[in-house]
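The structure appears right after this line, and notes come after that.
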Amino acid sequence: MRQPLVMGNWKLNGTKASVEALLKGLAPAAAAHPSVKVAVCPPVIFLGQVEQLTAGTQIAYGAQNADLHEAGAFTGENSPVMLKEFGCTYSLVGHSERRTLHAENDAVVAAKYEAIQKVGLIPVLCIGETLEQFEAGVTNTVVETQLKAVIDRCGIASFVNAVVAYEPVWAIGTGKTATPEIAQAVHAHIRQYLASFDADVAAKVQILYGGSVTGATAANLFGQADIDGGLVGGASLKVDDFSQIIAGAAK
């Protein structure tokens, strides 16, 4: 059985005080539900603090982004080697905000995925469609194309040590959420597409839902057969909300 994974993406939010309060508040919820893997992705500047505060807890952590390069003249970037040294387990790659605001195309995302995995981190590959694409009925084509770029570069076997996060862009920060049935249909298609390359890999890979998960929607979403947890945005910044989401993932 695939272990549920609930991951908080803090985006560009946090202070030293809020990070401390949040992690201390979440530790009991993570400990109370050992069947659920809990992780957070803070802004990189807080990684040292997160490393200290999560010691001895059940909370893992990762980065929101990583550079292609291990070192060099790349001002403002953080390499996968650096992230690994600070104890990261994961790194997001291909988040919709990186794709749209930072012009990261499928080729760049695949290269970053490869660099992240090369140093022993687990890439969390974010895929998903815009509202225009959703309304045009091309969701399946979009996610297949995004997956295929990684498969072509890194191989289907790379997904043994990766996580996929389906994030309908139209449901991020808009208050809109795909119904559990809509989300499940896309998750099932993602797994079926991966299975067309390797059924064993597809059966094992964790596929998270990343479209405005809340405490109220978590249990129904995570109860779907192919939804293995969530990549949570705004609600992950609130102890009560994120704790409720963790509880919703417990099986």
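Hydrogens, waters and symmetry mates play no part in the numbers below; they use all other heavy atoms, side chains included.
Considering every non-hydrogen atom in both A30 and V38, the closest pair reads CB-CG2, 4.1 Å. Of all heavy-atom pairs between L231 and C126, the closest is CD2-SG, 3.9 Å. Smallest separation of non-hydrogen atoms from M7 and C41: SD-SG, 3.7 Å. What you find for G87 and Y61 is that their closest heavy atoms are CA-OH, 3.2 Å. Residues A71 and F74 come closest through the heavy atom pair O-CE1, 3.5 Å. Q117 approaches A162 most closely through the heavy-atom pair NE2-CB, 4.1 Å.
Ring centroid separation for the pair Y113 and F159 comes in under the 6.0 Å cut-off.
T15 has its side chain out of reach of V19: every pair of non-hydrogen atoms, C-beta onward, lies at least 4.5 Å apart. With contacts defined as side-chain heavy-atom distances shorter than 4.5 Å, the pair L83/V44 qualifies. In this structure the side chain of L53 reaches within 4.5 angstrom of the side chain of K24, judged on heavy atoms. P4 has its side chain out of reach of F222: every pair of non-hydrogen atoms, C-beta onward, lies at least 4.5 Å apart. Using a 4.5 Å heavy-atom threshold, the side chains of T214 and D241 count as separate.
A donor-acceptor pair is defined here as one N or O able to donate and one able to accept, closer than 3.5 Å; no such pair exists between the side chain of E104 and the backbone of T100. Formation of a donor-acceptor pair under 3.5 Å by the Y209 side chain with backbone atoms of G211 is found in this model. Between the side chain of T57 and the backbone N or O of T54 there is at least one donor-acceptor pair closer than 3.5 Å. Here the side chain of N220 pairs no donor or acceptor atom with the backbone of T217 at under 3.5 angstrom. Although no hydrogens or angles enter the test, the distance criterion places no donor-acceptor pair under 3.5 Å between the side chain of S18 and the main chain of G14.
Within 6.0 Å of CD in E181 there are more than 12 heavy atoms belonging to other residues, nucleotides or ligands. Crowding of L131 atom CG: a count of heavy atoms from other residues, nucleotides or ligands under 6.0 Å exceeding 12. The environment of CZ in F86 is sparse: at most 12 heavy-atom neighbours from other residues, nucleotides or ligands sit within 6.0 Å. More than 12 heavy atoms of other residues, nucleotides or ligands sit less than 6.0 Å from atom CD of Q3. Counting heavy atoms of neighbouring residues, nucleotides and ligands inside a 6.0 Å radius, atom CG of L101 exceeds 12 of them.
How far CZ of F46 is from CD of E20: 12.0 Å, rounded to the nearest 0.5 Å. I227 contributes atom CD1, which lies 10.0 Å from atom CG of L208 (distance to the nearest 0.5 angstrom). Taking OG1 from T145 and CD from E129, the interatomic distance works out to 12.0 Å, rounded to the nearest 0.5 Å. With rounding to the nearest 0.5 Å, the separation of NE2 in H69 from CD in E77 is 9.0 Å. Atoms CD1 and SG, from I122 and C88 in turn, are 11.5 Å apart once rounded to the nearest 0.5 Å. How far CG of L125 is from OG of S158: 9.0 Å, rounded to the nearest 0.5 Å.
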Practice item. Would you check, one step at a time, whether the test side-chain contact (heavy atoms from CB on, under 4.5 Å) holds for I59 with L26? Key: CA-CA 8 Å; I59 302 172; L26 290 176; 4.0 Å; yes
Inset, instruction - Report the C-alpha distance between S79 and E70 in whole Å, list the side-chain angles of each, state the deciding distance to 0.1 Å, and finish with yes or no for side chain to side chain donor-acceptor pair (under 3.5 Å). - result: CA-CA 5 Å; S79 83; E70 293 188 359; over 6 Å; no
Determine, step by step, whether H95 and E167 satisfy the side chain to side chain donor-acceptor pair (under 3.5 Å) criterion, reporting the C-alpha distance in whole Å, the side-chain angles of both residues, the deciding distance to 0.1 Å, and the verdict. CA-CA 8 Å; H95 190 279; E167 44 167 22; 3.2 Å; yes
Fill in: Evaluation steps, side-chain contact (heavy atoms from CB on, under 4.5 Å), between N65 and V93
CA-CA 6 Å; N65 182 45; V93 60; over 6 Å; no
Requested in this report: Begin with the C-alpha distance, continue with both residues' side-chain angles, and end with the deciding distance and a verdict on salt bridge (Lys or Arg N to Asp or Glu O under 4.0 Å) for D106 and R99.
Outcome: CA-CA 8 Å; D106 288 340; R99 293 179 188 264; 2.8 Å; yes
For side-chain contact (heavy atoms from CB on, under 4.5 Å), just list the numbers for Y90 and L5, CA-CA rounded to whole Å, side-chain angles, deciding distance to a tenth of an Å, and then say yes or no. CA-CA 12 Å; Y90 303 95; L5 169 62; 3.8 Å; yes
Next on the checklist: Run the side-chain contact (heavy atoms from CB on, under 4.5 Å) test on T139 and Q133 for me, step by step, so that the C-alpha distance in whole Å, both residues' side-chain angles and the decisive distance to 0.1 Å come before the verdict.
Outcome noted: CA-CA 6 Å; T139 295; Q133 291 166 333; 5.8 Å; no
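Salt-bridge annotation for R191 and D228: present, with a side-chain N of the basic residue lying under 4.0 Å from a carboxylate O of the acidic one. Salt-bridge check for D67 with K112: failed, with every basic side-chain N at 4.0 Å or more from each acidic carboxylate O. A salt bridge is defined here as a Lys NZ or Arg NE, NH1 or NH2 lying under 4.0 Å from an Asp or Glu carboxylate O, and E114 with K118 fails to meet this definition.
Classification of the H189-Y193 ring pair by plane angle, with boundaries at 30° and 60°, yields parallel.
With 3.5 Å as the limit, one finds no donor-acceptor pair spanning the side chains of W170 and E135.
One hydrophobic cluster, built from ILVMFWY side chains closer than 4.5 Å, cannot hold both L92 and V143; they sit in different ones. One hydrophobic cluster, built from ILVMFWY side chains closer than 4.5 Å, holds both I116 and V109.
Here the rule is side-chain hydrogen bond (donor to acceptor under 3.5 Å, both in side chains) with E97, and of K11, H102, Q64 only K11 fits it. Between R2 and the choices I207, V205, D226, the side-chain contact (heavy atoms from CB on, under 4.5 Å) rule is met once, by D226.
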